[in-house]
Amino acid sequence: MKVIKPLACLVLLVPLLSACADEAVEARMPAMEATAQPDMGNLPPVTAVTGPESRFEEGAPPPARTPDVIYVPTPEPVVDAMLEMAQVGPDDVLYDLGSGDGRIPVTAAERFGIRAVGIDINPVRIMEANANAEEAGVTDKVTFIEGDLFDAHISDATVVTLYLLQSLNVKLRPKLLSELRPGTRIVSHSFDMANEWEPELTREVNGSMVYLWTVPER
């Protein structure tokens, strides 16, 4: 009786094992592809609740589109540092892009008596901001606009404040440089502009970074 050597057996088995493996992969691929696709029906709808809870949520309309960021309030010490770094004075006009509950424009109007404008896409935040301005007694100095900050007219600003994301700051940079006058100060909480624009000044405030730029001469 002829004895087949182990190596010869291995050679004969390799094609068979390979064919079985290919069949197993083909059988699994449809299931894997189905798993990889997100279930669009389970995604949450855009609602007025974007960020911290608000007493204005009930019955409020949703934003016109999905907000770029979830609203997170800027701590008061950071607000103070942003206004200080921008050297806000009585002749300034401040625009806060993504103004949330309006604390930066309201604080600027209270402290310096300046005109301030807040722009936010979420109607709940606009209602909050107007209520805060009324409570502070600065409704004659502060205006809040419900709208997309990328479409906003900002050429009147001499100071612009931001608390967005680095990617949004970079996307916003061409608008800032083309629409704002030279000398306008831009202050951002937490996020810089990557390698697109180096800040002139940075400061750490209670663990948060604050960045300052000035629009250059054209």
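No experiment lies behind these values; they were computed from the predicted model shown.
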Q. Quick one: OG on S155 to OH on Y95, what's the gap to the nearest 0.5 Å?
A. 7.0 Å

Q: Report yes if some heavy atom in the side chain of F191 is under 4.5 Å from a heavy atom in the side chain of L168; otherwise report no.
A: no

Q) Do W213 side-chain atoms and W197 backbone N/O form a donor-acceptor pair below 3.5 Å? A) yes

Q. Does R125 reach the main-chain N or O of G102 with its side chain, forming a donor-acceptor pair under 3.5 Å?
A. no

(Q) What's the separation between atom CG in L172 and atom CG in L165, rounded to the nearest 0.5 Å? (A) 12.0 Å

Q | Stacked cation flag K171 on F150, 6.0 angstrom / 45 deg | A | yes

Q | Atom pair CE/OG of M209 and S190 - distance to nearest 0.5 Å | A | 9.0 Å

Q. Does a side-chain heavy-atom distance below 4.5 Å link V88 with I114?
A. yes

Q: Mark yes or no for whether D120, through its side chain, and G100, through its backbone, hold a donor-acceptor pair below 3.5 Å.
A: yes

Q) Any side-chain heavy atom of R203 sitting closer than 4.5 Å to one from E84? A) yes

Q.
Checking T139 against N130 for the side-chain hydrogen bond (donor to acceptor under 3.5 Å, both in side chains) test, could you report, in this order, the C-alpha distance in whole Å, the side-chain angles of both residues, the deciding distance, and whether it holds?
A. CA-CA 8 Å; T139 53; N130 281 320; over 6 Å; no

Q.
If I compare all heavy atoms of P77 with all of V205, which pair ends up nearest, and what's the gap?
A. O-CG1, 3.8 Å

(Q) Nearest 0.5 Å, please: how far is CD1 in I119 from CG in L97? (A) 5.5 Å

Q) Is a side-chain donor or acceptor of T158 paired with a backbone partner of V93 at a separation under 3.5 angstrom? A) yes

Q. Got a sec: does the CD of E76 have more than 12 other heavy atoms crowding it under 6.0 Å?
A. yes

**Q.** Closest approach of H189 to P75 (non-hydrogen atoms, all atoms of both residues)
**A.** CE1-CD, 3.8 Å

Q: Kindly give the heavy-atom pair with the smallest separation between R218 and P182, and that separation in Å.
A: NH1-CD, 3.2 Å

Q. Given the rule that I, L, V, M, F, W and Y join up when any side-chain heavy atoms are under 4.5 Å apart, are V79 and Y211 in one cluster?
A. no

**Q.** N169 side chain to D192 backbone, donor-acceptor under 3.5 Å
**A.** yes

Q) At their closest point, which heavy atom of A157 faces which heavy atom of T184, and how far apart are they? A) O-OG1, 3.4 Å

Q | I186 side chain near L180 side chain, heavy-atom distance below 4.5 Å | A | yes

Q.
A side-chain contact here means heavy atoms from C-beta on lying under 4.5 Å apart; do V210 and M85 qualify?
A. yes

Q.
In the structure I gave you, are the side-chain heavy atoms of V187 and L162 within less than 4.5 Å of one another anywhere?
A. no

Q. At what distance, to the nearest 0.5 angstrom, does CG of N132 lie from CZ of R103?
A. 8.0 Å

Q: Step through the shown structure and confirm whether more than 12 heavy atoms of other residues, nucleotides or ligands are within 6.0 Å of CG on N195.
A: no

(Q) If you compare all heavy atoms of A152 against all heavy atoms of E179, which two are closest, and at what distance to 0.1 Å? (A) O-OE1, 3.7 Å

Q) Can you tell me how far OG1 of T161 sits from CZ of R185, rounded to the nearest 0.5 angstrom? A) 12.0 Å

Q. If you group Ile, Leu, Val, Met, Phe, Trp and Tyr by side-chain heavy-atom gaps below 4.5 Å, do L83 and V160 land in one group?
A. no

Q. Are L212 and Y163 connected in a single hydrophobic cluster, I mean Ile/Leu/Val/Met/Phe/Trp/Tyr linked by side-chain heavy atoms less than 4.5 Å apart?
A. no

(Q) Count I, L, V, M, F, W, Y as connected when their side-chain heavy atoms are under 4.5 Å apart, and connections chain through other members. Are M82 and L164 then in the same cluster? (A) no

Q: Taking the side chain as every heavy atom from C-beta outward, state whether I121 and E146 have any atom pair closer than 4.5 Å.
A: no

Q: Considering only NZ, NE, NH1 and NH2 on the basic side and carboxylate oxygens on the acidic side, decide whether D92 and R115 come within less than 4.0 Å.
A: no

Q.
Could you check whether any side-chain heavy atom of P105 comes within less than 4.5 Å of a side-chain heavy atom of V138, counting everything from C-beta outward?
A. no

Q | Backbone N/O of K175 and side chain of S178: donor-acceptor pair under 3.5 Å | A | yes

Q | Considering all heavy atoms, the nearest P62-P123 contact | A | O-CG, 4.0 Å

Q. Quick one: do L149 and L94 end up in the same hydrophobic cluster if we chain Ile, Leu, Val, Met, Phe, Trp and Tyr together by side-chain heavy atoms under 4.5 Å apart?
A. no

